[in-house]
Amino acid sequence: QVQLVESGGGLVQAGDSLRLSCVASQRTFSMYAGGWFRQAPGKEREFVAGITTNSRNTYYADSVKGRFTISRDDAKTTLYLEMNSLKPEDTAVYYCATSRKYIFEADMDYWGQGTQVTVSS
């Protein structure tokens, strides 16, 4: 059974930074694309960032472009999300996920349980 475990969330002030980590119990992690999604209260879950195998390509939602950086360490089977210049509107539960195919929410094969990020103004 594949498990993804996120960590690094918390309560910060606007302008601060956080680094989320997602450790996967997948021996085949390197063969999977990775993604971060988030869900704010009362809203649907949305795509935040994605990374292909071998870190060949990265993708970002317009709302986080230039502030967030996704990366991966296949040796550690870990996905990261570096978040800078945080805004109150970044407040959400952040989920990591992996996909054998495309980095779309419907195509993700495995999901973490989520980690809360709260940004105060």
Side-chain angles (χ1 to χ4, degrees):
Q1 181 72 14
V2 173
Q3 286 188 320
L4 303 180
V5 180
E6 301 101 333
S7 62
L11 171 63
V12 296
Q13 293 187 331
D16 286 350
S17 299
L18 277 177
R19 188 193 198 201
L20 304 184
S21 299
C22 170
V23 180
S25 66
Q26 272 179 285
R27 286 184 294 177
T28 56
F29 177 78
S30 63
M31 299 172 64
Y32 282 69
W36 287 94
F37 298 78
R38 68 186 181 186
Q39 186 168 22
K43 295 186 177 181
E44 293 187 351
R45 188 159 54 188
E46 64 176 1
F47 168 78
V48 175
I51 187 167
T52 57
T53 56
N54 293 320
S55 302
R56 187 172 292 115
N57 293 298
T58 57
Y59 306 93
Y60 298 93
D62 288 342
S63 59
V64 307
K65 203 170 293 182
R67 300 188 297 121
F68 291 12
T69 303
I70 188 172
S71 61
R72 64 189 296 160
D73 185 334
D74 288 344
K76 296 182 179 180
T77 64
T78 301
L79 198 62
Y80 300 100
L81 185 67
E82 185 75 36
M83 305 186 294
N84 298 316
S85 302
L86 283 162
K87 304 175 181 180
E89 50 264 43
D90 294 318
T91 295
V93 177
Y94 284 72
Y95 300 89
C96 67
T98 58
S99 170
R100 191 65 180 89
K101 297 178 68 177
Y102 306 112
I103 310 173
F104 295 114
E105 184 173 354
D107 291 309
M108 307 312 280
D109 297 303
Y110 304 106
W111 290 86
Q113 82 290 349
T115 185
Q116 176 70 47
V117 172
T118 303
V119 184
S120 64
S121 57

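Below, all heavy atoms of this structure are taken into account, side chains as well, without hydrogens, waters or symmetry copies.
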Rounded to the nearest 0.5 Å, how far does CG of Asp109 lie from NZ of Lys101? 9.0 Å

What I'd like to find out is whether the side chain of Val48 reaches to under 4.5 Å of the side chain of Tyr60, using heavy atoms alone. no

Between OH on residue Tyr80 and CD1 on residue Ile70, distance to nearest 0.5 Å: 12.5 Å

Are Gln26 and Tyr110 packed together at the side-chain level, in the sense that at least one heavy-atom pair is separated by less than 4.5 angstrom? yes

Any side-chain to backbone donor/acceptor pair from Tyr102 onto Met108? Under 3.5 Å, distance only. no

Ala24 and Leu4 have their tightest heavy-atom pair at CB-CD2, 3.2 Å

Do Phe68 and Trp36 come within less than 4.5 Å of each other through their side chains, counting heavy atoms only? no

Side chains of Cys96 and Trp111: closer than 4.5 Å at any heavy-atom pair? no

Could I get the full list of salt bridge (charged side-chain N to carboxylate O under 4.0 Å, His left out) partners for Asp74, not counting sequence neighbours? Arg72

Taking Thr78 for its side chain and Val23 for its backbone only, find out whether a donor-acceptor pair lies under 3.5 Å. no

Check whether any side-chain N or O of Thr53 sits under 3.5 Å from a backbone N or O of Ser30 as a donor-acceptor pair, and report yes or no. no

d(Thr98 OG1, Ile51 CD1) to nearest 0.5 Å is 13.0 Å

For the pair Asp90 and Lys87, evaluate salt bridge (charged side-chain N to carboxylate O under 4.0 Å, His left out) and give the outcome as yes or no after the intermediate values. CA-CA 5 Å; Asp90 294 318; Lys87 304 175 181 180; over 6 Å; no

Do Lys76 and Phe29 have side chains that approach each other closer than 4.5 Å (heavy atoms only, starting at C-beta)? no

Yes or no on side-chain contact (heavy atoms from CB on, under 4.5 Å) for Phe47 and Tyr59, after CA distance, side-chain angles and deciding distance? CA-CA 10 Å; Phe47 168 78; Tyr59 306 93; 4.0 Å; yes

Can you tell me how far the CZ atom of Arg67 sits from the OG atom of Ser85, to the nearest 0.5 Å? 7.0 Å

Do Arg100 and Tyr32 pair up side chain to side chain, a donor and an acceptor below 3.5 Å, judged on atom types alone? no

Asn84 and Ser17: side chain donor to acceptor below 3.5 Å: yes

Using the side chain to side chain donor-acceptor pair (under 3.5 Å) rule, pick out the option among Gln39, Arg38, Gln116 that qualifies with Tyr94. Arg38

Test side-chain contact (heavy atoms from CB on, under 4.5 Å) applied to Val117 and Val93, Leu20, Thr91, Leu81, the passing residue: Leu20

Considering all heavy atoms, the nearest Pro88-Ser121 contact: CG-CB, 3.8 Å

Heavy atoms of other groups near Lys43 NZ, more than 12 under 6.0 Å: no

If I compare all heavy atoms of Ala33 with all of Ile103, which pair ends up nearest, and what's the gap? CB-CG1, 3.7 Å

Test side-chain hydrogen bond (donor to acceptor under 3.5 Å, both in side chains) applied to Arg19 - qualifying residues, sequence neighbours left out: none

Side chain proximity check, Val12 to Thr118, heavy atoms < 4.5 angstrom: no

I'd like to know if the side chain of Thr52 and the backbone of Asn57 have a donor-acceptor N/O pair within less than 3.5 Å. yes

Report yes or no: does Asn54 contribute a side-chain atom to a donor-acceptor pair with the main-chain N or O of Arg56 at less than 3.5 Å? no

Minimal non-hydrogen separation, Gly112 against Tyr95, with atom names: O-CD2, 3.6 Å

